[in-house]
Protein chains: 2
Amino acid sequence: MEQITQAIRQMIAIEAQELADFFRFSFVKTFKKQEIISRPNTIPNEIFFINKGLIRVLITDQEGNEHSLHFALENQFIADYSHFIQKKPALYTLQALEETEVVVLPRVGIEWGYANLKEGQKLGRLIAEFYFIYQDDRIKNNYYRSPKERYDLITDIFPNIHNRVPQHMIASYLGMTPVHLSRLKKINR
Amino acid sequence: MEQITQAIRQMIAIEAQELADFFRFSFVKTFKKQEIISRPNTIPNEIFFINKGLIRVLITDQEGNEHSLHFALENQFIADYSHFIQKKPALYTLQALEETEVVVLPRVGIEWGYANLKEGQKLGRLIAEFYFIYQDDRIKNNYYRSPKERYDLITDIFPNIHNRVPQHMIASYLGMTPVHLSRLKKINR
DNA sequence: TCGCGACGATAACAAATGTTTATAAATGCA
DNA sequence: TGCATTTATAAACATTTGTTATCGTCGCGA
(Lines give C-alpha, C1' and ligand atoms only; values in the text may rest on other atoms or scores of the structure.)
Protein backbone atom coordinates (compact mmCIF):
# COMPACT_ATOMS: atom_id res chain seq x y z
CA MET A 1 0.00 0.00 0.00
CA GLU A 2 3.00 2.31 -0.30
CA GLN A 3 1.98 3.92 -3.56
CA ILE A 4 -1.56 4.77 -2.54
CA THR A 5 -0.31 6.00 0.83
CA GLN A 6 1.98 8.41 -0.90
CA ALA A 7 -0.78 9.54 -3.26
CA ILE A 8 -3.13 10.24 -0.34
CA ARG A 9 -0.43 12.03 1.66
CA GLN A 10 0.14 14.37 -1.27
CA MET A 11 -3.40 15.57 -0.69
CA ILE A 12 -4.10 15.41 3.03
CA ALA A 13 -2.35 14.97 6.38
CA ILE A 14 -3.19 11.55 7.77
CA GLU A 15 -1.70 9.47 10.57
CA ALA A 16 -0.55 5.89 10.20
CA GLN A 17 -3.35 4.54 12.39
CA GLU A 18 -6.04 6.37 10.43
CA LEU A 19 -4.60 5.05 7.20
CA ALA A 20 -4.50 1.51 8.53
CA ASP A 21 -8.15 1.77 9.56
CA PHE A 22 -9.05 3.13 6.16
CA PHE A 23 -7.20 0.34 4.36
CA ARG A 24 -9.07 -2.35 6.33
CA PHE A 25 -11.71 -2.22 3.61
CA SER A 26 -9.27 -2.49 0.73
CA PHE A 27 -7.36 -5.27 -0.96
CA VAL A 28 -5.01 -5.79 -3.89
CA LYS A 29 -6.14 -7.50 -7.06
CA THR A 30 -4.39 -8.29 -10.32
CA PHE A 31 -5.77 -8.56 -13.82
CA LYS A 32 -4.30 -10.18 -16.88
CA LYS A 33 -3.72 -8.40 -20.13
CA GLN A 34 -7.04 -7.71 -21.91
CA GLU A 35 -9.04 -8.69 -18.84
CA ILE A 36 -12.21 -6.75 -17.99
CA ILE A 37 -11.98 -5.04 -14.60
CA SER A 38 -15.44 -3.52 -14.48
CA ARG A 39 -18.48 -3.97 -16.67
CA PRO A 40 -21.39 -1.69 -17.53
CA ASN A 41 -25.01 -2.14 -16.43
CA THR A 42 -24.36 -2.74 -12.74
CA ILE A 43 -23.90 -0.03 -10.14
CA PRO A 44 -20.18 0.51 -9.65
CA ASN A 45 -19.28 0.03 -6.00
CA GLU A 46 -15.51 0.16 -6.24
CA ILE A 47 -12.81 2.66 -7.03
CA PHE A 48 -9.45 1.38 -8.20
CA PHE A 49 -5.97 2.72 -7.59
CA ILE A 50 -3.39 1.50 -10.08
CA ASN A 51 -0.14 0.18 -8.64
CA LYS A 52 1.11 -1.15 -11.93
CA GLY A 53 -0.30 -1.46 -15.41
CA LEU A 54 -2.67 0.47 -17.60
CA ILE A 55 -6.45 0.60 -17.75
CA ARG A 56 -8.57 1.65 -20.70
CA VAL A 57 -11.99 3.19 -20.07
CA LEU A 58 -14.39 2.63 -22.92
CA ILE A 59 -18.04 2.95 -23.77
CA THR A 60 -19.92 0.73 -26.20
CA ASP A 61 -22.65 2.43 -28.22
CA GLN A 62 -25.93 1.05 -29.59
CA GLU A 63 -24.22 -0.19 -32.74
CA GLY A 64 -21.65 -2.06 -30.69
CA ASN A 65 -18.78 0.30 -31.47
CA GLU A 66 -16.23 0.83 -28.73
CA HIS A 67 -15.07 4.34 -27.88
CA SER A 68 -11.92 4.62 -25.80
CA LEU A 69 -12.47 7.59 -23.59
CA HIS A 70 -9.68 7.46 -21.10
CA PHE A 71 -6.43 5.73 -20.23
CA ALA A 72 -5.45 5.42 -16.58
CA LEU A 73 -1.84 4.93 -15.58
CA GLU A 74 0.13 4.00 -12.49
CA ASN A 75 -0.65 5.93 -9.30
CA GLN A 76 -4.02 7.11 -10.50
CA PHE A 77 -7.52 6.46 -9.22
CA ILE A 78 -9.98 5.16 -11.78
CA ALA A 79 -13.64 4.13 -11.89
CA ASP A 80 -16.88 5.03 -13.61
CA TYR A 81 -16.75 7.77 -11.02
CA SER A 82 -19.79 9.62 -12.29
CA HIS A 83 -22.02 6.60 -11.93
CA PHE A 84 -20.30 5.56 -8.71
CA ILE A 85 -21.32 8.91 -7.21
CA GLN A 86 -24.82 8.75 -8.61
CA LYS A 87 -25.25 5.08 -7.71
CA LYS A 88 -26.54 4.47 -11.21
CA PRO A 89 -25.65 1.50 -13.42
CA ALA A 90 -22.29 2.02 -15.07
CA LEU A 91 -21.91 2.85 -18.74
CA TYR A 92 -18.17 2.44 -18.83
CA THR A 93 -16.08 -0.68 -19.22
CA LEU A 94 -12.68 -0.80 -17.53
CA GLN A 95 -10.18 -3.03 -19.26
CA ALA A 96 -6.56 -3.86 -18.37
CA LEU A 97 -4.39 -3.30 -21.44
CA GLU A 98 -1.41 -4.80 -19.61
CA GLU A 99 -0.95 -7.08 -16.63
CA THR A 100 -2.35 -4.70 -14.03
CA GLU A 101 -2.28 -4.54 -10.23
CA VAL A 102 -4.82 -2.38 -8.43
CA VAL A 103 -5.89 -1.51 -4.91
CA VAL A 104 -9.64 -1.94 -4.66
CA LEU A 105 -11.49 0.69 -2.60
CA PRO A 106 -15.04 -0.50 -1.94
CA ARG A 107 -17.84 1.96 -1.43
CA VAL A 108 -18.21 1.08 2.26
CA GLY A 109 -14.56 1.96 2.82
CA ILE A 110 -14.92 5.28 1.04
CA GLU A 111 -18.04 6.15 2.99
CA TRP A 112 -16.28 5.17 6.18
CA GLY A 113 -13.47 7.50 5.21
CA TYR A 114 -15.83 10.43 4.62
CA ALA A 115 -17.39 9.87 8.01
CA ASN A 116 -14.32 9.04 10.07
CA LEU A 117 -11.09 10.34 8.59
CA LYS A 118 -10.22 13.79 9.93
CA GLU A 119 -9.68 15.03 6.39
CA GLY A 120 -11.81 12.51 4.54
CA GLN A 121 -14.13 15.05 2.99
CA LYS A 122 -11.16 17.15 1.97
CA LEU A 123 -9.57 14.14 0.28
CA GLY A 124 -12.78 13.56 -1.63
CA ARG A 125 -12.93 17.20 -2.59
CA LEU A 126 -9.37 17.25 -3.87
CA ILE A 127 -9.84 14.10 -5.92
CA ALA A 128 -13.05 15.42 -7.47
CA GLU A 129 -11.35 18.75 -8.16
CA PHE A 130 -8.39 16.99 -9.75
CA TYR A 131 -10.56 15.11 -12.20
CA PHE A 132 -12.69 18.18 -12.80
CA ILE A 133 -9.57 20.03 -13.92
CA TYR A 134 -8.56 17.14 -16.14
CA GLN A 135 -11.97 17.16 -17.82
CA ASP A 136 -12.04 20.92 -18.10
CA ASP A 137 -8.71 20.85 -19.97
CA ARG A 138 -10.06 18.19 -22.21
CA ILE A 139 -13.27 20.03 -23.07
CA LYS A 140 -11.33 23.24 -23.57
CA ASN A 141 -8.90 21.55 -25.97
CA ASN A 142 -11.79 20.28 -28.05
CA TYR A 143 -12.84 23.85 -28.66
CA TYR A 144 -9.61 25.52 -29.45
CA ARG A 145 -7.07 22.95 -30.58
CA SER A 146 -7.02 21.29 -33.99
CA PRO A 147 -7.22 17.49 -34.18
CA LYS A 148 -3.55 17.35 -35.13
CA GLU A 149 -2.61 19.48 -32.11
CA ARG A 150 -4.64 17.20 -29.87
CA TYR A 151 -2.72 14.25 -31.24
CA ASP A 152 0.61 15.96 -30.71
CA LEU A 153 -0.28 16.91 -27.15
CA ILE A 154 -1.46 13.48 -26.08
CA THR A 155 1.86 12.48 -24.57
CA ASP A 156 1.56 15.42 -22.18
CA ILE A 157 -1.52 13.73 -20.75
CA PHE A 158 -0.48 10.09 -21.14
CA PRO A 159 3.32 9.81 -21.08
CA ASN A 160 4.72 6.97 -23.17
CA ILE A 161 1.28 6.07 -24.45
CA HIS A 162 2.58 5.30 -27.94
CA ASN A 163 4.55 2.37 -26.56
CA ARG A 164 1.71 1.03 -24.48
CA VAL A 165 -1.52 1.54 -26.42
CA PRO A 166 -2.31 0.59 -30.03
CA GLN A 167 -2.77 3.54 -32.33
CA HIS A 168 -6.36 2.74 -33.22
CA MET A 169 -7.32 3.17 -29.54
CA ILE A 170 -5.58 6.53 -29.50
CA ALA A 171 -7.55 7.47 -32.60
CA SER A 172 -10.73 6.44 -30.82
CA TYR A 173 -9.78 8.55 -27.79
CA LEU A 174 -9.23 11.49 -30.14
CA GLY A 175 -12.66 10.94 -31.64
CA MET A 176 -11.46 10.01 -35.11
CA THR A 177 -11.05 6.89 -37.20
CA PRO A 178 -7.70 5.05 -37.26
CA VAL A 179 -7.48 5.72 -40.99
CA HIS A 180 -7.77 9.42 -40.43
CA LEU A 181 -5.19 9.48 -37.64
CA SER A 182 -2.76 7.66 -39.87
CA ARG A 183 -3.35 10.34 -42.48
CA LEU A 184 -2.93 13.21 -40.01
CA LYS A 185 0.45 11.96 -38.88
CA LYS A 186 1.83 12.53 -42.36
CA ILE A 187 1.01 16.21 -42.54
CA ASN A 188 2.17 19.08 -40.38
CA ARG A 189 -0.62 21.39 -39.44
CA MET B 1 -29.50 35.30 -0.01
CA GLU B 2 -32.49 33.00 -0.02
CA GLN B 3 -31.69 31.21 -3.24
CA ILE B 4 -28.09 30.43 -2.38
CA THR B 5 -29.13 29.36 1.11
CA GLN B 6 -31.52 26.88 -0.36
CA ALA B 7 -28.91 25.64 -2.81
CA ILE B 8 -26.40 25.07 -0.02
CA ARG B 9 -28.96 23.39 2.21
CA GLN B 10 -29.71 20.90 -0.55
CA MET B 11 -26.14 19.72 -0.12
CA ILE B 12 -25.22 20.07 3.55
CA ALA B 13 -26.77 20.68 6.95
CA ILE B 14 -25.86 24.15 8.12
CA GLU B 15 -27.17 26.36 10.92
CA ALA B 16 -28.35 29.92 10.43
CA GLN B 17 -25.43 31.37 12.38
CA GLU B 18 -22.85 29.44 10.36
CA LEU B 19 -24.49 30.62 7.17
CA ALA B 20 -24.51 34.21 8.33
CA ASP B 21 -20.81 33.99 9.19
CA PHE B 22 -20.10 32.47 5.78
CA PHE B 23 -22.06 35.16 3.95
CA ARG B 24 -20.06 37.95 5.68
CA PHE B 25 -17.60 37.68 2.82
CA SER B 26 -20.22 37.81 0.07
CA PHE B 27 -22.22 40.52 -1.63
CA VAL B 28 -24.72 40.90 -4.44
CA LYS B 29 -23.78 42.44 -7.74
CA THR B 30 -25.73 43.09 -10.93
CA PHE B 31 -24.54 43.17 -14.52
CA LYS B 32 -26.19 44.63 -17.54
CA LYS B 33 -26.95 42.69 -20.67
CA GLN B 34 -23.76 41.92 -22.62
CA GLU B 35 -21.57 43.06 -19.72
CA ILE B 36 -18.36 41.16 -18.96
CA ILE B 37 -18.39 39.62 -15.50
CA SER B 38 -14.93 38.09 -15.50
CA ARG B 39 -12.03 38.44 -17.90
CA PRO B 40 -9.19 36.11 -18.81
CA ASN B 41 -5.50 36.60 -17.94
CA THR B 42 -5.92 37.38 -14.27
CA ILE B 43 -6.23 34.81 -11.51
CA PRO B 44 -9.92 34.29 -10.77
CA ASN B 45 -10.60 34.95 -7.10
CA GLU B 46 -14.38 34.82 -7.11
CA ILE B 47 -17.12 32.30 -7.63
CA PHE B 48 -20.53 33.53 -8.65
CA PHE B 49 -23.97 32.22 -7.77
CA ILE B 50 -26.71 33.33 -10.17
CA ASN B 51 -29.87 34.72 -8.59
CA LYS B 52 -31.30 35.88 -11.85
CA GLY B 53 -30.10 36.02 -15.43
CA LEU B 54 -27.86 33.97 -17.67
CA ILE B 55 -24.09 33.83 -18.03
CA ARG B 56 -22.15 32.64 -21.04
CA VAL B 57 -18.70 31.13 -20.54
CA LEU B 58 -16.47 31.55 -23.55
CA ILE B 59 -12.89 31.17 -24.61
CA THR B 60 -11.16 33.27 -27.26
CA ASP B 61 -8.56 31.49 -29.36
CA GLN B 62 -5.38 32.79 -31.00
CA GLU B 63 -7.28 33.87 -34.10
CA GLY B 64 -9.72 35.86 -31.97
CA ASN B 65 -12.62 33.46 -32.47
CA GLU B 66 -14.98 33.06 -29.55
CA HIS B 67 -16.09 29.60 -28.48
CA SER B 68 -19.11 29.42 -26.18
CA LEU B 69 -18.42 26.55 -23.87
CA HIS B 70 -21.06 26.84 -21.24
CA PHE B 71 -24.26 28.58 -20.25
CA ALA B 72 -25.01 29.08 -16.57
CA LEU B 73 -28.56 29.62 -15.39
CA GLU B 74 -30.36 30.69 -12.24
CA ASN B 75 -29.40 28.93 -9.00
CA GLN B 76 -26.08 27.68 -10.34
CA PHE B 77 -22.53 28.39 -9.31
CA ILE B 78 -20.22 29.58 -12.06
CA ALA B 79 -16.57 30.59 -12.43
CA ASP B 80 -13.44 29.61 -14.30
CA TYR B 81 -13.40 27.00 -11.58
CA SER B 82 -10.45 25.07 -12.96
CA HIS B 83 -8.21 28.11 -12.85
CA PHE B 84 -9.73 29.29 -9.59
CA ILE B 85 -8.63 26.02 -7.99
CA GLN B 86 -5.21 26.11 -9.60
CA LYS B 87 -4.72 29.81 -8.91
CA LYS B 88 -3.65 30.25 -12.51
CA PRO B 89 -4.67 33.12 -14.80
CA ALA B 90 -8.13 32.53 -16.23
CA LEU B 91 -8.72 31.51 -19.83
CA TYR B 92 -12.45 31.94 -19.72
CA THR B 93 -14.57 35.02 -20.13
CA LEU B 94 -17.86 35.24 -18.24
CA GLN B 95 -20.47 37.38 -19.92
CA ALA B 96 -24.01 38.24 -18.87
CA LEU B 97 -26.36 37.53 -21.77
CA GLU B 98 -29.23 39.14 -19.84
CA GLU B 99 -29.53 41.56 -16.97
CA THR B 100 -27.97 39.31 -14.32
CA GLU B 101 -27.81 39.35 -10.54
CA VAL B 102 -25.18 37.26 -8.79
CA VAL B 103 -23.91 36.57 -5.31
CA VAL B 104 -20.14 37.00 -5.28
CA LEU B 105 -18.19 34.48 -3.22
CA PRO B 106 -14.60 35.70 -2.83
CA ARG B 107 -11.76 33.24 -2.35
CA VAL B 108 -11.19 34.31 1.25
CA GLY B 109 -14.80 33.47 2.06
CA ILE B 110 -14.54 30.06 0.43
CA GLU B 111 -11.31 29.27 2.23
CA TRP B 112 -12.88 30.43 5.48
CA GLY B 113 -15.74 28.05 4.78
CA TYR B 114 -13.43 25.09 4.20
CA ALA B 115 -11.66 25.81 7.48
CA ASN B 116 -14.61 26.74 9.68
CA LEU B 117 -17.92 25.37 8.45
CA LYS B 118 -18.70 22.00 9.98
CA GLU B 119 -19.45 20.59 6.56
CA GLY B 120 -17.45 23.02 4.47
CA GLN B 121 -15.21 20.39 2.89
CA LYS B 122 -18.23 18.26 2.16
CA LEU B 123 -19.93 21.17 0.43
CA GLY B 124 -16.83 21.66 -1.70
CA ARG B 125 -16.73 17.98 -2.50
CA LEU B 126 -20.37 17.87 -3.56
CA ILE B 127 -20.02 20.92 -5.78
CA ALA B 128 -16.89 19.52 -7.45
CA GLU B 129 -18.63 16.17 -7.88
CA PHE B 130 -21.69 17.85 -9.38
CA TYR B 131 -19.66 19.60 -12.04
CA PHE B 132 -17.56 16.50 -12.61
CA ILE B 133 -20.74 14.61 -13.44
CA TYR B 134 -21.89 17.39 -15.75
CA GLN B 135 -18.57 17.28 -17.62
CA ASP B 136 -18.52 13.52 -17.73
CA ASP B 137 -21.94 13.50 -19.39
CA ARG B 138 -20.73 16.04 -21.84
CA ILE B 139 -17.58 14.16 -22.80
CA LYS B 140 -19.55 10.93 -23.02
CA ASN B 141 -22.11 12.52 -25.34
CA ASN B 142 -19.35 13.68 -27.64
CA TYR B 143 -18.34 10.07 -28.16
CA TYR B 144 -21.60 8.38 -28.68
CA ARG B 145 -24.21 10.90 -29.77
CA SER B 146 -24.48 12.39 -33.24
CA PRO B 147 -24.29 16.17 -33.66
CA LYS B 148 -28.01 16.27 -34.38
CA GLU B 149 -28.76 14.29 -31.22
CA ARG B 150 -26.60 16.67 -29.20
CA TYR B 151 -28.60 19.55 -30.59
CA ASP B 152 -31.90 17.87 -29.79
CA LEU B 153 -30.80 17.11 -26.24
CA ILE B 154 -29.55 20.58 -25.42
CA THR B 155 -32.78 21.66 -23.76
CA ASP B 156 -32.32 18.83 -21.25
CA ILE B 157 -29.17 20.57 -20.10
CA PHE B 158 -30.23 24.19 -20.59
CA PRO B 159 -34.01 24.49 -20.31
CA ASN B 160 -35.56 27.21 -22.44
CA ILE B 161 -32.19 28.04 -23.98
CA HIS B 162 -33.72 28.65 -27.41
CA ASN B 163 -35.59 31.63 -26.06
CA ARG B 164 -32.63 33.10 -24.22
CA VAL B 165 -29.52 32.47 -26.33
CA PRO B 166 -28.98 33.22 -30.02
CA GLN B 167 -28.64 30.17 -32.20
CA HIS B 168 -25.12 30.93 -33.33
CA MET B 169 -23.94 30.69 -29.71
CA ILE B 170 -25.64 27.34 -29.40
CA ALA B 171 -23.87 26.25 -32.57
CA SER B 172 -20.59 27.35 -31.04
CA TYR B 173 -21.35 25.40 -27.87
CA LEU B 174 -22.03 22.35 -30.04
CA GLY B 175 -18.70 22.83 -31.80
CA MET B 176 -20.11 23.62 -35.21
CA THR B 177 -20.68 26.64 -37.39
CA PRO B 178 -24.02 28.47 -37.32
CA VAL B 179 -24.48 27.67 -40.99
CA HIS B 180 -24.12 23.99 -40.32
CA LEU B 181 -26.53 24.02 -37.38
CA SER B 182 -29.10 25.74 -39.52
CA ARG B 183 -28.65 22.94 -42.04
CA LEU B 184 -28.91 20.19 -39.42
CA LYS B 185 -32.23 21.49 -38.17
CA LYS B 186 -33.80 20.78 -41.55
CA ILE B 187 -32.98 17.09 -41.60
CA ASN B 188 -34.01 14.34 -39.24
CA ARG B 189 -31.13 12.07 -38.32
C1' DT C 1 7.67 -23.19 -36.82
C1' DC C 2 3.69 -22.14 -39.18
C1' DG C 3 -0.26 -19.65 -39.90
C1' DC C 4 -3.68 -16.59 -38.58
C1' DG C 5 -5.20 -12.43 -36.83
C1' DA C 6 -4.07 -7.77 -35.19
C1' DC C 7 -2.07 -3.69 -36.64
C1' DG C 8 -0.86 0.29 -39.40
C1' DA C 9 -0.35 2.55 -44.02
C1' DT C 10 -2.46 3.79 -48.25
C1' DA C 11 -5.72 4.85 -51.97
C1' DA C 12 -10.31 5.89 -53.88
C1' DC C 13 -14.51 7.38 -53.05
C1' DA C 14 -18.51 9.14 -50.03
C1' DA C 15 -20.40 11.92 -46.47
C1' DA C 16 -20.08 15.56 -43.19
C1' DT C 17 -18.72 20.00 -42.13
C1' DG C 18 -16.58 24.57 -43.08
C1' DT C 19 -16.36 28.95 -45.92
C1' DT C 20 -18.10 32.53 -48.44
C1' DT C 21 -21.64 35.24 -50.07
C1' DA C 22 -26.29 36.74 -50.47
C1' DT C 23 -30.84 37.66 -48.71
C1' DA C 24 -34.59 38.64 -45.69
C1' DA C 25 -36.59 38.96 -41.28
C1' DA C 26 -36.13 40.49 -36.54
C1' DT C 27 -34.18 43.49 -33.25
C1' DG C 28 -32.57 47.47 -30.98
C1' DC C 29 -31.49 52.06 -30.70
C1' DA C 30 -31.38 57.11 -31.98
C1' DT D 1 -40.72 55.81 -36.52
C1' DG D 2 -36.80 54.80 -39.22
C1' DC D 3 -32.44 52.91 -39.95
C1' DA D 4 -28.43 50.16 -38.84
C1' DT D 5 -27.19 45.89 -36.85
C1' DT D 6 -27.94 41.28 -35.59
C1' DT D 7 -29.73 37.01 -36.71
C1' DA D 8 -31.13 32.93 -39.36
C1' DT D 9 -31.48 30.67 -43.79
C1' DA D 10 -29.87 29.35 -48.21
C1' DA D 11 -26.86 27.99 -52.04
C1' DA D 12 -22.32 26.92 -54.08
C1' DC D 13 -18.09 25.39 -53.42
C1' DA D 14 -13.88 23.80 -50.53
C1' DT D 15 -11.97 21.06 -46.99
C1' DT D 16 -12.09 17.64 -43.57
C1' DT D 17 -13.29 13.32 -42.08
C1' DG D 18 -15.46 8.70 -42.69
C1' DT D 19 -15.84 4.22 -45.31
C1' DT D 20 -14.26 0.48 -47.65
C1' DA D 21 -10.84 -2.26 -49.52
C1' DT D 22 -6.08 -3.78 -50.09
C1' DC D 23 -1.52 -4.79 -48.62
C1' DG D 24 2.58 -5.80 -45.86
C1' DT D 25 4.47 -6.49 -41.29
C1' DC D 26 4.51 -8.32 -36.88
C1' DG D 27 3.49 -11.11 -32.91
C1' DC D 28 1.49 -14.85 -30.71
C1' DG D 29 -0.55 -19.22 -29.99
C1' DA D 30 -1.45 -24.07 -31.78
Side-chain angles (χ1 to χ4, degrees), chain A residues 32-36 54 56 58 60-69 71 95-99 141-152 154-155 158 160-189, chain B residues 31-36 53-54 56 58 61-69 71 95-100 141-152 154-155 158 160-189:
Chain A
K32 281 174 292 192
K33 196 168 174 169
Q34 311 300 349
E35 199 174 346
I36 301 302
L54 194 164
R56 174 169 78 125
L58 60 109
T60 307
D61 65 22
Q62 296 90 338
E63 288 90 35
N65 302 311
E66 293 185 348
H67 306 269
S68 299
L69 39 102
F71 304 102
Q95 178 192 32
L97 290 190
E98 302 173 354
E99 167 103 8
N141 280 342
N142 267 335
Y143 282 97
Y144 84 140
R145 301 276 188 196
S146 70
K148 180 60 159 58
E149 283 178 306
R150 291 199 288 275
Y151 173 73
D152 291 334
I154 200 170
T155 50
F158 305 117
N160 204 27
I161 191 173
H162 297 301
N163 298 318
R164 301 179 73 179
V165 175
Q167 183 174 296
H168 68 269
M169 290 183 186
I170 295 174
S172 175
Y173 170 83
L174 292 169
M176 62 181 71
T177 61
V179 175
H180 188 58
L181 177 54
S182 180
R183 220 169 1 201
L184 274 187
K185 287 170 70 176
K186 292 182 62 179
I187 47 183
N188 9 16
R189 42 350 12 113
Chain B
F31 295 90
K32 280 174 293 193
K33 197 168 173 168
Q34 311 299 349
E35 200 173 346
I36 302 301
L54 193 163
R56 174 170 76 125
L58 60 110
D61 65 22
Q62 296 90 340
E63 289 89 34
N65 302 311
E66 293 185 349
H67 305 268
S68 299
L69 38 101
F71 303 102
Q95 179 191 32
L97 289 190
E98 303 173 352
E99 168 102 8
T100 295
N141 280 343
N142 267 333
Y143 282 96
Y144 84 141
R145 299 277 188 196
S146 70
K148 180 58 160 56
E149 283 180 306
R150 291 197 288 275
Y151 172 74
D152 290 334
I154 200 169
T155 50
F158 306 118
N160 203 26
I161 191 174
H162 298 301
N163 299 317
R164 300 178 74 177
V165 174
Q167 183 174 296
H168 68 269
M169 290 183 186
I170 296 174
S172 175
Y173 169 84
L174 292 170
M176 62 182 70
T177 61
V179 176
H180 188 59
L181 177 55
S182 181
R183 222 172 355 204
L184 273 188
K185 287 170 70 176
K186 292 181 60 180
I187 48 182
N188 10 17
R189 326 152 267 142

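As the structure is a prediction and not an experimental result, all values here were calculated from the model. Reminder, nothing fancy here: chain letters follow the sequence lines and each chain counts from 1.
Distance CE (Met169(A)) to C1' (dG8(C)): 14 Å, rounded to an integer number of Å. Leu184(B) has its CG atom 12 Å from the C1' atom of dG18(C), to the nearest Å. We find that CD1 of Ile187(B) is positioned 13 Å from P of dA11(D), with the value rounded to whole Å. One atom, CE of Met176(A), and another, P of dA16(C), lie 18 Å apart when rounded to the nearest Å. Distance, Asn142(B) CG to dT17(D) P: 15 Å, rounded to whole Å. Summarising the geometry, the separation between CG on Leu174(A) and C1' on dG18(D) is reported as 15 Å, rounded to the nearest angstrom. We find that CD of Glu63(B) is positioned 15 Å from C1' of dT19(C), with the value rounded to whole Å. Across the protein-nucleic acid pair, Glu149(B) atom CD and dA16(C) atom P stand 14 Å apart, rounded to whole Å.
At a threshold of 4.0 angstrom between heavy atoms, the contacts of Lys33(B) are confined to the sugar-phosphate backbone, with no base atom among them.
Counting only heavy atoms from C-beta on, Pro147(B) has its side chain closest to dT17(C) among dT17(C), dG18(D), dA8(D). Ranking dT9(D), dT19(D), dG18(C) by closeness to the Ser182(B) side chain, first place goes to dT9(D). Residue His180(B) has its side chain nearest to dT17(C) when only dA9(C), dT17(D), dT17(C) are considered.
No donor-acceptor distance shorter than 3.5 angstrom exists from the side chain of Ser68(B) to the backbone of Ser172(B), with no hydrogens or angles considered. A distance-only check finds no donor-acceptor pair linking the side chain of Tyr144(B) to the backbone of Glu66(A) [under 3.5 Å]. With Asn141(B) contributing its side chain and Arg145(B) its backbone, the two residues share no donor-acceptor pair below 3.5 Å.
Nearest-nucleotide mapping onto DNA chain D: of Val179(A) and Leu181(B), the residue sitting toward the 5' end is Leu181(B).
Interatomic distance, CD1 of Ile170(A) versus CD1 of Ile161(A), reported as 4.5 Å (0.5 Å rounding).
When the side-chain nitrogen and oxygen atoms of Gln167(A) are compared with OP1 and OP2 of dA9(C), one or more of them lie within a distance under 4.0 Å. Between His168(B) and dA8(D) there is a side-chain polar atom (N or O) within less than 4.0 angstrom of OP1 or OP2. OP1 or OP2 of dT10(C) has at least one side-chain nitrogen or oxygen of Lys186(A) nearer than 4.0 Å. Put simply, Lys148(A) has no side-chain N or O that comes within less than 4.0 Å of OP1 or OP2 on dT16(D).
Put simply, the side chain of Arg183(A) and the base of dG8(C) share no donor and acceptor less than 3.5 Å apart.
Looking at Met176(A) and Tyr151(A), their side chains never come closer than 4.5 Å, going by heavy atoms from C-beta outward.
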